[in-house]
2 protein chains.
Amino acid sequence: MNPATIKDVAKAADVSVATVSRVLHNLTGYSDKTKQKVMQAVEELGYQPNAIARGLVNKRTQTIGVLFPHVSSSFSSDILHGIEEIAQEKGFSVIVCNTAEEGKRTMKYLQVLREKQVDGIVFTSEVLKDEYFQAIKEMRVPVILVNTMSQKHMIPYVKVDDHQAAYHATDYLIQKGHREIAMISGSPKDRIAGLPRLEGYRQALADNGIEYIESRVANGDFNLEGGTEAMKKLLAEAPPFTALFAASDEMAIGAMNVALERGIKIPDDLSIIGYDDLKFARMIYPPLTTIHQPLTMMGRMASEKLISLIEEDSTQVSSSIVSHHLVERQTVRSKP
Amino acid sequence: MNPATIKDVAKAADVSVATVSRVLHNLTGYSDKTKQKVMQAVEELGYQPNAIARGLVNKRTQTIGVLFPHVSSSFSSDILHGIEEIAQEKGFSVIVCNTAEEGKRTMKYLQVLREKQVDGIVFTSEVLKDEYFQAIKEMRVPVILVNTMSQKHMIPYVKVDDHQAAYHATDYLIQKGHREIAMISGSPKDRIAGLPRLEGYRQALADNGIEYIESRVANGDFNLEGGTEAMKKLLAEAPPFTALFAASDEMAIGAMNVALERGIKIPDDLSIIGYDDLKFARMIYPPLTTIHQPLTMMGRMASEKLISLIEEDSTQVSSSIVSHHLVERQTVRSKP
DNA sequence: CTCATTAAGTTAAACGTTTACTTTAATAAA
DNA sequence: TTTATTAAAGTAAACGTTTAACTTAATGAG
């Protein structure tokens, strides 16, 4: 026996499907008695509405798609967590899409999401290519960018101000008395997370009258291995430094590990500040001082914005720069 | 102008919708000439099929639902990664469902998944209550369990043998010459991940003629704080020990941190082995020796099994015990 | 030339809802 | 009593596909 449909309920309650539908939606146009009959039939048959059929007529699926470059990173999953939380609260489901490195599957996924008629899209941590923008535009659903942005197209985004956050981190080290400050950066070609952090660092130095020395910054590609390599390079080639700003926690940890191996004490011999505040930043020893990005909250905000765009069909775009904050743990200390 | 439908294509190509549908599905019953016309119309109109409408008639949505207790844990996201990877390869989308602690939202989500007509369900890391089982049974879709199992119901699962893995970890310490071995466990009430690991530990001791001392095991609830608390308790109350088996990496790290704070050198003074091999196990210093659970692969396997269950409608259940392995890093050393 | 076969195509029902429109009957107002 | 009003329902179209059943015309066999 197949699952009960609204027709079965109607038959069992001896009314029309329209009436059943009305009862189920709490509309008007039926007596208390009919309502009882209907409810009883629903109960007996274990009826559950079919959202697919509903979606077909409403042209609404109550589903959003979320695109990530790496689903499994701690980073993405924190954002996802926030998105999912709000979505479910508001009656939406979320389809996760792993676009893989370089957005290899982005176009493919965009098409799937279109065919599946999602009501909106969250696009995270990847640069929004023109091609993507066009595809999304054709779908005529709202998008919201998280942890990325587009200067070319007016699309609402949620992100922290990387430049400012990097400035903050660097300035913090300076306030602690450091003047020889190295940096492990992301790729300067990355205009979203790479360049701005590098520039924030430079600006902070400049504003404090500290000379920028190019050999004091090394690119670590945001990951652990990159961090250790960059640290080794810095130790070998850069003029001595008493503090280090790493543009990601992973790189910070890579750097800490080589320091540890070489007997460089943290924070006594070297102060380190990271960026991201991933879960493990507080797990390592000593716990990492870092820039906290409120990822879960950013996910929530994005979800909320997107859904209001969907429901109110409002056309106004509003982006949010969410504020980072610096969490002081134990890897930075004042220079005497 | 609304998105083009198959009717629009039919009109533009001057054929019936049935014909369009057939050429789109590469069936027979049309000439080359018509195919050209249709393809051209598709092109011009930018037609994309509507999966919702298709789902309604096919009774297939090409979508699976995945239930997790914590979406944001590194643990879950590795599994999700594997699931998503295979799913997309096979043309399925995945809806993520965060059931929250204690499965507070599990029933609610099961209902959503039913209404959305998912074709199958992956249920992870949570005990399958009777209530859940009934709900899923009523949906008449295949389920597969990951990282959990049910002795009561015959449902295929993918997991490692926790008892055996814990035995392995403990035995490894013993082979390294340790005989005073403490354990930080999960809750013994947890029959999936808690008890079996504890029993694996006990069994390994027994098989090697080592007495089990109750005060040498402390419950750390699988998380960091629990790990640090348990470690403190052990240090204070347990008879001295030279090695420690922690039933999760997080707890292992918690323990390592208190060791570090108290000047206990790892592995010189104390050997530690963890369980899970989360991403950060190799990031910390010294890198953690631990039991590797192939989470991504488990996700892949689950996805594959589920989809074959969906597609072949085969009714045979086959579970997989996947093999863990011990990854030797730098937190264990032989006792002289 | 007739009949069967086949290829190329069309028609229309079905999937499970929602909803605009219509009908029916009861009640109230005049 | 007649007419308007209202509440309680029913009817049927629509959403965008797929597909079984049917039609038409061309081809070939006998």
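Letters go in sequence order (proteins before strands), and every chain restarts at 1.
- Rounded to an integer number of Å, the gap from B/Tyr47 OH to D/dT17 C1' is 7 Å.
- A/Gln48 comes within contact range of the sugar-phosphate backbone alone, with a heavy-atom separation under 4.0 Å but no base atom that close.
- Of the possible donor and acceptor atoms, none in the side chain of B/Thr99 sits under 3.5 Å from a partner among the backbone N and O of B/Thr106.
- Residue contacts shown for A/Thr34 are limited to sugar-phosphate atoms, with no base heavy atom under 4.0 Å away.
- Nearest nucleotide to the side chain of A/Arg54, out of D/dG10, C/dT18, D/dT18: C/dT18.
- Side-chain proximity of B/Tyr30 to D/dT17, C/dT17, C/dG9: nearest is C/dG9.
- Between A/Asp8 atom CG and C/dC15 atom P there is a gap of 10 Å when expressed in whole angstrom units.
- In terms of position on DNA chain C, the residue among B/Ala53 and A/Ser21 whose nearest nucleotide sits closer to the 5' end is B/Ala53.
- Using cut-offs of 30° and 60° on the angle between ring planes, the pair A/Phe123 and A/Tyr132 is tilted.
- Using a 4.0 Å heavy-atom distance criterion, B/Gln117 is classed as making no nucleic acid contact.
- Atom NZ of A/Lys116 and atom C1' of D/dC15 are 19 Å apart (whole Å).
- Residue B/Thr19 places at least one side-chain N or O closer than 4.0 Å to OP1 or OP2 of C/dT10.
- Looking at the side chain of B/Asn58, the nearest of the listed nucleotides C/dT11, D/dT18, D/dG10 is D/dT18.
- A straight line from CD of A/Glu115 to P of D/dC15 spans 20 Å, rounded to a whole angstrom.
- A donor-acceptor contact closer than 3.5 angstrom links the side chains of A/Ser125 and A/Asn147.
- Across all strands, B/Thr5 comes closer than 4.0 Å only to sugar-phosphate atoms, never to a base (heavy-atom distances).
- Not one side-chain nitrogen or oxygen of B/Lys59 sits closer than 4.0 Å to the OP1 or OP2 atom of D/dT18.
- Atom-to-atom, CG of A/Asn50 to P of C/dA14 comes out at 18 Å; the value is rounded to the nearest Å.
- The distance from atom NZ of B/Lys35 to atom P of C/dA8 is 13 Å, rounded to the nearest whole Å.
- Closest approach to the A/Lys7 side chain among C/dT19, C/dT17, D/dA20 is made by C/dT17 (side chain taken as heavy atoms from C-beta onward).
- No more than 12 heavy atoms of other residues, nucleotides or ligands sit less than 6.0 Å from atom CG of A/Asp14.
- In this entry the distance linking NZ of A/Lys33 with C1' of D/dA9 reads 12 Å, nearest Å.
- When distances are taken from the side chain of A/Val57 to each of D/dG10, C/dG16, D/dG16, the shortest belongs to C/dG16.
- Interface remark: the A/Arg60 side chain does not form any donor-acceptor pair with the C/dT18 base, using a distance-only criterion of under 3.5 Å.
- Here the P atom of nucleotide C/dT11 and the CZ atom of B/Arg22 are 12 Å apart, to the nearest Å.
- At a cut-off of 3.5 Å, with distance as the only test, no side-chain donor of B/Lys159 or B/Gln293 sits close to an acceptor on the other residue.
- Between B/Lys279 and B/Asp78 there is no salt bridge, since no side-chain N of the basic residue sits under 4.0 Å from a carboxylate O of the acidic one.
- Heavy atoms of A/Ser31 sit under 4.0 angstrom from primed sugar atoms or phosphate atoms, though from no base atom.
- Closest contact between the side chain of B/Ala18 and the listed nucleotides C/dA12, D/dG10, D/dG16 involves C/dA12.
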